[in-house]
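Data block below; observations after.
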Amino acid sequence: MSKELYIYNSLSRNKDLFQPLNTPHVGLYVCGPTVYANVHLGNCRTFMFFDVVYRYLTHLGYKVRYVRNITDVGHITSTFDDGVDRIGQQARLEQLEPMEIVQKYTNYFHEMMRVFNNHSPSIEPTATGHMIEQIEMIKKILDQGFAYEVNGSIYFDVQAYRAKYPYGELSGRNVEELYENTRTLDGQDEKKFFADFALWKAASPEHIMRWPSPWGEGFPGWHLECSAMSTKYLGEQFDIHGGGMDLKFPHHESEIAQNTACCGKGPVKFWMHSNMLTVNGQKMSKSLGNSFLPHELFAGDHPLLEKGFGPQVVRFFMMQAHYRSTLDFSNEALSAAEKGYERMMAAYMAIDECKPATQSEADIDALEAKCYAAMGDDFNTPILIAELFEAVRLINGCKNGQQALTADQLVQLKRIMTHFLRDVMGLQTPESAGNVELPNIMMDAVFEVRKGLKEKKDYATADMLRDAFSSRNIVLKDTKEGGEWTYEKK
RNA sequence: GGUCCUGUGGCCGAGCGGCUAGGCAGAGCUCUGCAAAAGCUCGUACAGCGGUUCGAAUCCGCUCGGGACCUCCA
């Protein structure tokens, strides 16, 4: 069975065959959040997708080192010229220390990552914890002649860089066109060239977050931390760098320039970019006021939400779209995903109840191959899910006695579902967390009584019993053997 | 203004030159005391107009619509 993996590389604009630089090791770096506010659902989509990348590579047998940073140094906002950064600004607003802000929103971020069932990265470095590495990197870039100092700030020299290396390859931008549309930003007058960007900024007196450096007190520039930390933990060149589409320019473009200026070569083999989550066709973002916080979605506590949806349903919903497409959020779409997710999971849990046949026409090997083919085609989770619904059909058919499956095939189906649903897509079964053993025993008694009533044709009492549970959001379903019960969502 | 992406049936979403995507919703049937679940069967598609081709949702051009980036952003 082919388990080749093709990945769409933003740099080559092609689906390229994935081969690690140093098999079986894979280096994966993903740009993490800036912790000055709660992560919203759009952010979560990106991290959930790269969690699947991490999981699938691991599933294929690679030894993956997954690095995802925490940006805990505020970037300068574009509207202010006074050296106020996002974290510092939020700290003033909430009357907290900057590091309290950082801790508060890091905690929320971690909590949400856990709730969505993302694996922790192998390393989660912070920008503030890597000041020395960042300063060292600036020194190297200066030594190579690709940066210059002005008033205690260091700028990247795009002109000098362009004389030797191409700039703008990733984002497809060319500097001449950029010039027409560049706004006047902080430090513009200090720069030699409009497209130069800061590696180090001298701190103004009121700036709170500051560190000593060879050029005076200041703080690192916008894009440096990722370059410094990816190099430290994954080496000068590594396999995959991921992030949201909106980071392509200028963030990732600058990273390439910094690393190349420093080490003479591009840092990353595969650049991957996940697309945005939209609401009514527009990018979900804080400034547009159309973003949900995960806990609001779970509780249904938001004007745009008709009801709440569990984290696993949300994850399933996200998996039903390809990561390079925008995904539009709506109550209807979430509800549809919820039904589908429940049907999928019900079938998964019903495999053990199937009675095996001695012979079967079904081709489970082909099904499994299709699942790998879907994932191998640039992590196509929507197709994977479509294939898994084929498995659902087989399982349900087998349960009804309409589909013959051998014992081996049932084992194989269970393995496929476990691998792809749980291990690769990171989906959990609905009630798996709680202990359902005791309720099950009690419900068996209920079904026994109901069976007796039905045999006596006392349907009125049988219905009364069912209604009594129904009013408590527990649905009874009759089967040949007795019955099944589920919690009903409101 | 520049660069790029996108427009699929009631909804969400794959596919991107010939082959059923899938889910949800809807219709019919089977099963069933009823119900639910499940299985089977079935509608309604590829924004519009041209072109290339034996053949186009899929390639090209134009028109119209939506979006992202160009400024911190997943």
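FYI, side chains are in, hydrogens and waters are out, and symmetry mates aren't considered; it's all heavy atoms of this structure. Labels below follow one simple rule: chain letters A, B, ... track the order of the sequence lines, proteins then strands, and each chain is numbered from 1.
- Ala333(A) comes within contact range of the sugar-phosphate backbone alone, with a heavy-atom separation under 4.0 Å but no base atom that close.
- Comparing atom distances between the Lys454(A) side chain and each of G33(B), C70(B), A74(B) picks out G33(B) as nearest.
- For the C1' atoms, the distance linking A37(B) with A21(B) amounts to 25 Å, nearest Å.
- Scanning all heavy atoms of the two residues, the minimum distance from Tyr161(A) to Ile256(A) falls at OH-O, 3.9 Å.
- Side-chain proximity of Lys339(A) to the nucleotides C72(B), A37(B), A25(B) is greatest for A25(B).
- Closest approach to the Asn400(A) side chain among C69(B), A38(B), A37(B) is made by A38(B) (side chain taken as heavy atoms from C-beta onward).
- For Lys283(A) and C69(B), the shortest distance from a side-chain N or O to OP1 or OP2 is below 4.0 Å.
- Using N1 to N3 plus N6-O4 or O6-N4 for Watson-Crick, or N1-O2 and O6-N3 for G-U wobble, each under 3.5 Å, C64(B) pairs with G7(B).
- Here Gly32(A) lies in heavy-atom contact (under 4.0 Å) with sugar-phosphate atoms only.
- Here the options are Phe329(A), Phe292(A), Phe309(A), the test is ring-ring contact (aromatic ring centres under 6.0 Å, His included), and the partner is His302(A); only Phe292(A) passes.
- Taking only side-chain atoms of Arg450(A), from C-beta outward, the nucleotide of A14(B), C72(B), G33(B) with the closest atom is G33(B).
- Between the P atom of U32(B) and the CD atom of Glu455(A) lies a distance of 16 Å, rounded to the nearest Å.
- Judged by a 6.0 Å distance limit and a 45° cone about the ring axis, Lys104(A) is not positioned over the six-membered ring of Tyr36(A).
- Under 4.0 angstrom from either OP1 or OP2 of G15(B) there lies at least one side-chain N or O belonging to Asn380(A).
- A donor atom on one side chain and an acceptor atom on the other are not found under 3.5 Å apart for Asn275(A) and Thr326(A).
- Taking atom C1' in both C46(B) and G7(B), one finds a spacing of 10 Å when rounded to whole Å.
- Across C12(B), A74(B), A14(B), the shortest atom-to-atom separation from the side chain of Leu247(A) is found for A74(B).
- Across A45(B) and G39(B), the matching C1' atoms stand 26 Å from one another, rounded to whole Å.
- Between Glu338(A) atom CD and G23(B) atom C1' the separation is 13 Å, expressed in whole Å.
- Taking the P atom of each, G43(B) and G10(B) are spaced 15 Å apart, rounded to whole Å.
- Comparing the same atom, C1', in G55(B) and in G23(B) gives a spacing of 31 Å after rounding to whole Å.
- In this structure, Arg68(A) forms no cation-pi arrangement with Phe50(A), as its terminal cationic atom is not both closer than 6.0 Å to the ring centre and no more than 45° off the ring axis.
- Electrostatic pairing of Glu111(A) and Arg114(A) counts as a salt bridge here, judged by a charged N lying under 4.0 Å from a carboxylate O.
- Nearest to the side-chain atoms of Ala321(A) among the listed nucleotides C24(B), A74(B), G13(B) stands G13(B).
- Checked by distance alone, Asp478(A) brings a side-chain donor or acceptor within 3.5 Å of a matching partner on the base of C34(B).
- Across all strands shown, G1(B) pairs with C70(B); the Watson-Crick or G-U wobble distances both stay below 3.5 Å.
- Asp328(A) comes within 4.0 angstrom of the backbone, heavy atoms only, and of no base.
- For C40(B), the OP1/OP2 oxygens have a side-chain nitrogen or oxygen of Arg393(A) closer than 4.0 Å.
- Using a 4.0 Å cut-off, no side-chain N or O of Arg173(A) falls inside it from OP1 or OP2 of G2(B).
- Judged by Watson-Crick or G-U wobble contacts below 3.5 Å, the nucleotide A14(B) has no partner.
- Using N1 to N3 plus N6-O4 or O6-N4 for Watson-Crick, or N1-O2 and O6-N3 for G-U wobble, each under 3.5 Å, A38(B) pairs with U30(B).
- Atom-to-atom, CZ of Phe329(A) to P of C11(B) comes out at 18 Å; the value is rounded to the nearest Å.
- Spacing between atom CE of Met349(A) and atom P of A37(B) amounts to 16 Å, rounded to whole angstrom units.
- No hydrogens or angles were tested; on distance alone, nothing pairs the side chain of Asn280(A) with the base of G67(B) as donor and acceptor under 3.5 Å.
- In the set C70(B), A38(B), A21(B), C70(B) carries the atom at the smallest distance from any side-chain atom of Pro250(A).
- Between Tyr29(A) and Asp239(A), the closest side-chain pair of non-hydrogen atoms is not below 4.5 Å.
- Residue side chain Arg324(A) does not reach the base of C5(B) through any donor-acceptor N/O pair under 3.5 Å, judged by distance alone.
- As judged by a 4.0 angstrom heavy-atom cut-off over every strand, Leu334(A) is placed among residues making no nucleic acid contact.
- Using a 4.5 Å heavy-atom threshold, the side chains of Val279(A) and Leu304(A) count as touching.
- Between Arg210(A) and Asp85(A), none of the side-chain N atoms (NZ, or NE/NH1/NH2) sits under 4.0 Å from a carboxylate O, so this pair counts as no salt bridge.
- Checking G67(B), A38(B), G23(B) against the side-chain heavy atoms of Gln282(A) singles out G67(B) as nearest.
- Rounded to whole Å, atom C1' of G23(B) lies 20 Å from atom OH of Tyr348(A).
- Phe389(A) comes within contact range of the sugar-phosphate backbone alone, with a heavy-atom separation under 4.0 Å but no base atom that close.
- When the C1' atom is used for both A57(B) and G17(B), the distance is 10 Å, rounded to whole Å.
- In this structure, the OH atom of Tyr8(A) is 13 Å from the P atom of G15(B), given to the nearest Å.
- Nearest nucleotide to the Thr34(A) side chain, out of G33(B), A74(B), A35(B): A74(B).
- Look at G28(B): its glycosidic torsion is beyond 90° from 0, and that puts it in the anti range.
- Among the heavy atoms of the strands, none lies under 4.0 Å from Ser335(A).
- Rounded to a whole Å, the CD atom of Gln402(A) is 17 Å from the P atom of C29(B).
- Between the CZ atom of Arg343(A) and the C1' atom of C24(B) there is a distance of 10 Å, rounded to whole Å.
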